[in-house]
Amino acid sequence: MTAGLLLALAALALVDSTSFGTLGIPVFLLLASGRGQVSRLLIYLGTVAGFYFLVGVGLMLGLSTLVDNFGEALHSQAAQWVQLGAGAGLFALSYRFDPKRREKPGKPELRFEPRLGGPGAMVLLGLTAGLLEVATMVPYLAAIGMMTTLDLPVGQWVPLLGAYVLVMVLPPLALLALRGLAGGWLEPRLERLRAWMVKHSASTVSWTLAIVGIWLALDAASRLFST
């Protein structure tokens with residue numbers, strides 16, 4: 001284990017910390033009215049971090065091996081046609097959320113804002129956010145790929161995964177601490193950030209669906225039509 005590896009993993013974790021699930025939703029929770037703001041945020045972040053950690057452990061322990069064992073079926077022509085259709089479907093679905101496309105026929109713009117609730121609702125929200133971001137957790141997959149390539153022992157990659165997810169949720173925890181120290185100064189800035197994210201939430205969903213759809217379709221097409 002080298003300092004270069006640790007710095008690379010920390011940089012990837014910080015990139016992961018800027019996603020809607022790890023920064024956007026926590027800002028909503030920070031600005032929520034009523035009691036239990038801190039506990040809701042901590043439960044949510046704990047769920048997201050735990051989800052990422054378990055996914056990482058699963059990948060490191062052999063989900064990739066399981067995929068390799070079924071590689072022939074997954075790379076069959078039928079599977080590639082299914083992937084191509086799924087990619088095209090996601091790309092088409094992205095237009096449903098595109099604000100500009102909805103504006104032309106006069107449809108109202110879609111906006112997404114998390115609903116608040118008790119501990120169970122926060123756990124469900126965290127799991128939902130994690131599942132929705134599985135297809136786009138490129139930095140995390142890159143980090144796991146680096147550790148797999150180096151063939152690190154369990155005693156090293158387990159704490160590295162734990163440190164990764166901890167760094168990933170540090171920014172919202174820092175905002176929570178800063179709000180406690182300088183709430184009057186930070187509150188209006190967080191409110192502006194929240195309003196901006198609500199305004200652009202549909203566009204973010206649209207772009208995410210489009211990017212994932214294009215990637216799936218191009219990957220399948222390259223396998224189906226390659227000579």
Task: Distance (rounded to the nearest 0.5 Å) between L161 CG and M147 CE - done: 4.0 Å
Open item on the list: With clusters defined by side-chain heavy atoms of hydrophobic residues (ILVMFWY) lying less than 4.5 Å apart, directly or transitively, does L61 cluster with I144?
Closed with: yes
Open item on the list: Can you confirm whether L6 sits close enough to L160 that some side-chain heavy atom of one is under 4.5 Å from a side-chain heavy atom of the other?
Closed with: yes
TODO: Measure the spacing between CG of L9 and CG of L14 and express it to the nearest 0.5 Å.
DONE: 11.0 Å
- [ ] Drop me the distance from L173's CG to L41's CG, to the nearest 0.5 angstrom.
- [x] 6.5 Å
Task: ILVMFWY network linking V154 to V55, side-chain heavy atoms under 4.5 angstrom - done: yes
Task: Transitive ILVMFWY side-chain link M168 to L178, under 4.5 Å - done: yes
Can you give the donor-acceptor pairs under 3.5 Å from side chains of residues 84-92 to other protein atoms, not counting sequence neighbours?
none

Open item on the list: Once rounded to the nearest 0.5 Å, what's the spacing between atom CG of L59 and atom OG1 of T148?
Closed with: 8.0 Å
Task: Rounded distance (nearest 0.5 Å) linking atom CG of L176 with atom CG of L170 - done: 12.0 Å
Task: Heavy-atom closest contact (M122 atom, Y44 atom, distance) - done: O-CD1, 3.9 Å
Open item on the list: Are the side chains of F51 and L131 in contact, using a 4.5 Å heavy-atom criterion?
Closed with: yes
Task: Minimum-distance pair of heavy atoms, taken over all atoms of V169 and A49 - done: CG1-CB, 4.3 Å
Open item on the list: How close do P26 and L45 get, counting heavy atoms only, and between which atoms?
Closed with: CG-CD2, 3.8 Å
Open item on the list: For a quick test of reading the model, state the closest non-hydrogen atom pair linking L12 to P139 and the distance between them.
Closed with: O-CB, 3.6 Å
- [ ] Tell me whether L42 is reachable from L23 by hopping between hydrophobic residues (I, L, V, M, F, W, Y) whose side-chain heavy atoms are closer than 4.5 Å.
- [x] yes
Task: Path from L7 to M146 over hydrophobic side-chain contacts below 4.5 Å - done: no
Open item on the list: For S17, is there any backbone N or O sitting under 3.5 Å from a side-chain donor or acceptor partner on T22?
Closed with: yes
- [ ] Heavy atoms only: give me the nearest R40-L29 pair and the separation to one decimal.
- [x] O-CD1, 4.2 Å
- [ ] Going by the ring pair (Phe, Tyr, Trp, His ring centres under 6.0 Å) test, name the single residue among Y52, Y140, F53 that passes it with Y164.
- [x] Y140
TODO: Check W157 against L152 and note the closest heavy-atom contact, atom names and distance.
DONE: CD1-O, 3.2 Å
